[in-house]
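Beneath this line is the structure, given in structure tokens, with notes to follow.
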Amino acid sequence: MVMPYWNGARCLGWVASLALLVGCGGDGDARQAATISGQVLLDGAPLSVGSIQLTSPKTGESASANLDSDGRYSVTFPKADVGADYEVTLGPPVEDDLDATALMENPPEKVRSLIPKKYTDRTTSGLKTTLEAAGENQFNVELLSR
């Protein structure tokens, strides 16, 4: 009678491989969604024309939103770096309609930006906020024209 050959080390290797494959089923990214909302003021008055962009220096991910007529905004990160700082810049409104033909036929009105140049670049803005928790977060921005 021939007995099957069972090698304990080989069996243990198969079990470890199976456990490793089962453990790799998720995406491995435990980051949660977070929203940062607030108001942008320039010299104490709401900035009604512009956009805000928040960028994670850790991952490079960024999100932006246009300001409403009261200077309010809301930016959502589907996967946020909770506990990390986000760099903040401001700029002209972001155009949602990128149809070149429509833009040629009806070009947007040229609007002089009230945002001081230093706030338009992450390296010079000096603006940052710490994302305290998943879910809702508040960050109000106060800009000075001088």
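Residues: numbered from 1 along the sequence shown. Being a predicted model, the structure only gives us computed values, none of them experimental. Hydrogens, waters and symmetry mates are skipped; everything else that's a heavy atom, side chains included, is used.
With rounding to the nearest 0.5 Å, the separation of CZ in Arg31 from NZ in Lys58 is 7.5 Å. Taken to the nearest 0.5 Å, the CG atom of Asp68 stands 10.5 Å off from the CG atom of Leu47. To the nearest 0.5 Å, atom OG of residue Ser51 and atom CG of residue Leu90 are 7.0 Å apart. Between the CD1 atom of Ile115 and the CG atom of Leu42 there is a distance of 8.0 Å, given to the nearest 0.5 Å.
Evaluation of the side-chain contact (heavy atoms from CB on, under 4.5 Å) rule for Gln32 yields Ala134 as partners, not counting sequence neighbours. Scanning for side-chain contact (heavy atoms from CB on, under 4.5 Å) contacts around Gln53 gives Thr55, Ser62, Ser64, Thr89, with sequence neighbours left out. Glu136 pairs by the side-chain hydrogen bond (donor to acceptor under 3.5 Å, both in side chains) definition with nothing, not counting sequence neighbours.
Nearest heavy atoms, Lys128 versus Asp85: CD-OD2, 3.8 Å. When all heavy atoms of Pro46 and Gly71 are compared, the pair lying nearest together is CB-N, 4.1 Å.
In terms of hydrophobic clustering, with Ile, Leu, Val, Met, Phe, Trp and Tyr side chains grouped at heavy-atom distances under 4.5 Å, Leu41 and Leu54 are assigned to different clusters. Cluster membership check: Val49 does not share its hydrophobic cluster with Val88, using side-chain heavy-atom separations under 4.5 Å among Ile, Leu, Val, Met, Phe, Trp and Tyr.
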Would you tabulate the side-chain donor-acceptor contacts of residues 139-146 under 3.5 Å, counting partners in other chains and residues two or more places apart, or write 'none'?
| residue | atom | partner | partner atom | Å |
| --- | --- | --- | --- | --- |
| Asn140 | OD1 | Gln39 | N | 2.9 |
| Ser145 | OG | Asp43 | OD2 | 2.6 |

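Two residues are said to be in side-chain contact when any heavy atoms from C-beta on lie closer than 4.5 Å; Leu131 and Asp81 fail this criterion. Residues Ser125 and Lys118 fail the side-chain proximity criterion, which asks for heavy atoms closer than 4.5 Å.
In this structure, Asn66 contributes its side chain and Val94 its backbone to a donor-acceptor pair below 3.5 Å. A side-chain donor-acceptor contact under 3.5 Å links Asp121 to the backbone of Thr123.
Ser48 and Ser69 form no side-chain donor-acceptor contact under 3.5 Å, judged by distance and modelled atom types alone.
Residue pairs satisfying the ring pair (Phe, Tyr, Trp, His ring centres under 6.0 Å) criterion with at least one member in residues 113-134, sequence neighbours excluded, are absent. Screening residues 31-79 for ring pair (Phe, Tyr, Trp, His ring centres under 6.0 Å), with sequence neighbours left out, gives Phe77-Tyr86.
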